[in-house]
Amino acid sequence: MALIDHFLARTVRRGELVLTHADGRRVTFGSPDPAFPSVAIRFAHAGVAGRIVRHPALGAAEAYMDGDLILERGDIRDLVELLTANTPWGRGGGLRPSLPIRWFDAVRHRFDRINMARRAKRNVAHHYDLSDRLYALFLDHDLQYSCAYFTDAGASLERAQADKKAHIAAKLAIRPGMRVLDIGCGWGGMALYLHEKTGAEVLGVTLSEEQLKVARRRVEEAGVADKVRFELIDYRAVTGTFDRIVSVGMFEHVGPPQYRTFFAKCRELLSADGVMLLHTIGRMGVPGVTDTFTTKYIFPGGYNPALSEIVRGYEGTKLIASDVEVLRLHYALTIDQWYDRTVAAEAQIVALYDARFYRMWTFYLAGAAAAFRHGGMVNYQLQLTRDRHALPLTRDYMFEGERALRD
């Protein structure tokens with residue numbers, strides 16, 4: 001039995017996977033199960049199996065991207081779902097890269113995570129300076145490229161992203177006239193929302209030139225350029241004092257060696273009774289490394305921290321953790337809708353880039369959704385203050401504020 005057959009036989013117990021090898025040999029793994037996908041794949045040449053065995057996730061991704069791993073029944077989301085649902089986080093299992101590759105990856109990922117200022121802008125540009133036309137094809141109309149908040153699992157993407165902004169704004173307890181800093185402001189949606197709903201003055205900072213262009217265009221169109229500004233600047237270079245700081249989906253690019261710098265800078269920028277809200281992807285288990293596919297093709301220098309790493313980052317800065325929330329399945333539900341929209345826009349994405357890029361993007365989204373549905377990824381929202389008296393005694397103000405914003 002080929003090594004990859006042995007792995008698949010051990011992995012796929014529920015659901016069915018039919019593999020046709022390059023020599024025409026056909027092998028079936030698992031058994032039909034209505035709760036699991038049924039998938040058929042074919043290897044275009046003999047080298048595909050070895051490529052996957054040596055480095056499973058990266059090998060499978062690149063074989064799919066190159067057209068050497070061909071899906072004959074189901075799509076890439078079905079394949080990823082079948083494999084990850086059979087090996088959920090906490091149960092172990094799965095095929096790991098060879099030991100030398102694991103050592104090499106660990107060293108490289110830790111080096112990549114250093115993420116000093118001179119590298120941060122280049123890393124951001126790799127992903128966020130892709131054409132805004134691509135993002136407009138699969139994101140909601142406000143271009144929220146982060147985990148939505150589903151008060152109803154069947155909600156539309158637009159509704160869930162609006163609810164996410166309300167959820168965050170309520171935790172910040174913003175009052176009219178306050179100054180707010182948005183670190184990693186994306187295409188400007190959160191900053192514009194906070195001003196519209198609370199009357200706050202907002203400064204958004206980003207390292208993405210493409211996002212900056214869109215954000216500035218939006219603020220001019222809204223006629224609020226005197227209240228909402230966007231700058232191309234590293235958070236470490238921001239000056240001034242702010243009543244509130246919000247950062248959504250940016251901390252994943254900071255890198256553990258810079259966590260203390262990040263939180264110390266936030267404390268420096270916060271007013272004496274200031275409040276900040278950090279929204280980040282995180283891992284449920286111990287610290288780890290980012291998978292090689294993600295660092296090579298999607299987020300170079302990116303890393304999703306364990307909660308313990310975040311805590312160590314602000315320990316000693318005299319910031320007080322006033323609220324911590326774990327969003328477990330919300331990002332899986334978000335990415336499901338991104339994936340569906342991406343598939344619907346296949347022709348447009350291929351025309352914008354090419355078929356290999358389209359396959360890379362769908363693999364990325366399929367894998368990300370699976371990581372939140374079956375793997376060890378969640379989203380953390382941490383509220384931090386400088387003064388223990390800065391917020392009401394109970395959390396009731398959050399619920400009341402959120403209801404008012406959603407009405």
Side-chain angles (χ1 to χ4, degrees), residues 115-118 120-121 124 146 165 168-195 197-208 211-212 215-216 219 224-280 305 309-324 380-391:
N115 209 12
M116 299 301 286
R118 64 181 178 273
K121 188 175 187 301
V124 166
S146 58
K165 288 176 286 187
I168 289 173
K171 288 185 176 185
L172 286 167
I174 302 170
R175 297 187 298 276
M178 281 188 167
R179 297 191 69 222
V180 179
L181 173 64
D182 183 357
I183 302 178
C185 61
W187 292 278
M190 179 63 75
L192 287 164
Y193 176 90
L194 293 179
H195 170 69
K197 295 295 185 179
T198 71
E201 296 184 11
V202 187
L203 170 64
V205 298
T206 179
L207 292 179
S208 167
Q211 288 185 329
L212 180 68
R216 284 181 168 173
V219 82
V224 293
D226 59 329
K227 299 295 183 181
V228 182
R229 295 188 298 113
F230 298 105
E231 300 293 341
L232 188 72
I233 186 173
D234 190 285
Y235 73 91
R236 287 164 280 209
V238 176
T239 58
T241 302
F242 299 87
D243 303 292
R244 299 292 187 263
I245 296 176
V246 63
S247 184
V248 179
M250 174 272 181
F251 193 69
E252 299 90 329
H253 306 287
V254 170
Q258 300 299 314
Y259 289 172
R260 181 57 59 91
T261 298
F262 176 85
F263 286 113
K265 183 64 179 180
C266 288
R267 188 185 189 282
E268 172 192 320
L269 294 169
L270 274 176
S271 62
D273 60 350
V275 178
M276 73 172 287
L277 190 288
L278 178 70
H279 172 116
T280 180
E309 293 176 293
I310 301 174
V311 172
R312 282 197 297 272
Y314 67 75
E315 281 180 336
T317 64
K318 298 297 179 68
L319 285 171
I320 302 166
S322 47
D323 191 79
V324 179
Y380 294 120
Q381 286 190 353
L382 283 83
Q383 183 195 66
L384 300 163
T385 68
R386 287 187 56 172
D387 186 330
R388 71 189 68 205
H389 302 289
L391 293 163

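Treat the numbers as computed from the prediction; the structure is a model and nothing was measured. Side chains are part of it too, since the values below use all heavy atoms of this structure and drop only hydrogens, waters and symmetry mates.
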**OP:** Evaluate the side-chain contact (heavy atoms from CB on, under 4.5 Å) criterion for residues I183 and C266: first the C-alpha distance (whole Å), next the side-chain angles of each, then the deciding distance (0.1 Å), finally the verdict.
**Re:** CA-CA 10 Å; I183 302 178; C266 288; 4.0 Å; yes
**OP:** Write down the atom of D323, the atom of K171, and the distance for their closest heavy-atom approach.
**Re:** OD2-NZ, 4.0 Å
**OP:** Pick out which of L382, L384, L172 makes a side chain to side chain contact (heavy atoms under 4.5 Å, CB included) with L277.
**Re:** L172
**OP:** Taking all heavy atoms of T280 and all of E252, pick out the closest pair and write down the distance.
**Re:** OG1-CD, 3.4 Å
**OP:** Could you tell me whether a side-chain N or O of Q258 sits under 3.5 Å from a main-chain N or O of P256, the two making a donor and an acceptor?
**Re:** no
Subject >> Pairs satisfying salt bridge (Lys or Arg N to Asp or Glu O under 4.0 Å), at least one member in residues 268-280, at least two apart >> reply: K265-E268
**OP:** On the 0 to 90° scale, with breaks at 30° and 60°, tag the F251-F263 ring pair as parallel, tilted or perpendicular.
**Re:** tilted
Subject >> Check: W187 and F230 side chains under 4.5 Å, non-hydrogen atoms >> reply: no
**OP:** Begin from the C-alpha positions of V324 and Q383 and carry the test side-chain contact (heavy atoms from CB on, under 4.5 Å) through to its verdict.
**Re:** CA-CA 6 Å; V324 179; Q383 183 195 66; over 6 Å; no
Subject >> Shortest non-hydrogen contact from P305 toward Y380 >> reply: O-CE1, 4.2 Å
Original post:
Between OG of S271 and CE of M178, what distance do you get to the nearest 0.5 Å?
Top reply: 7.0 Å
Subject >> Taking every non-hydrogen atom, the tightest pair across T198 and I174 >> reply: OG1-CG2, 3.4 Å
**OP:** Can you measure from CG (D387) to CG (L319) and round to the nearest 0.5 angstrom?
**Re:** 12.0 Å
Original post:
Counting N and O atoms only, with roles assigned by atom type, does the side chain of H195 sit under 3.5 Å from a partner on the main chain of A200, one being a donor and the other an acceptor?
Top reply: yes
Subject >> L212 backbone acceptor or donor facing T206 side chain under 3.5 Å >> reply: no
**OP:** Could you grab the distance from atom OG of S322 to atom CZ of R388, nearest 0.5 Å is fine?
**Re:** 11.5 Å
Original post:
K165 versus M190: any side-chain heavy-atom pair under 4.5 Å?
Top reply: yes
Original post:
Does the R260 side chain pair with the main chain of G313, one donor and one acceptor, at a distance under 3.5 Å?
Top reply: yes
**OP:** Find the distance between OG1 (T317) and CG (L270) and round it off to the nearest 0.5 Å.
**Re:** 10.0 Å
**OP:** Look only at the side chain of S208 and the backbone of Q211, and say whether a donor-acceptor pair between them is shorter than 3.5 Å.
**Re:** yes
Subject >> Rounded distance [0.5 Å steps], CE in M276 versus CG in L269 >> reply: 9.5 Å
Original post:
Do T261 and Y235 touch side chain to side chain, with heavy atoms closer than 4.5 Å?
Top reply: yes
Subject >> side-chain contact (heavy atoms from CB on, under 4.5 Å) between R175 and R244, worked out >> reply: CA-CA 10 Å; R175 297 187 298 276; R244 299 292 187 263; 4.1 Å; yes
**OP:** To the nearest 0.5 angstrom, please state how far the CG atom of L203 sits from the CD atom of E231.
**Re:** 6.5 Å
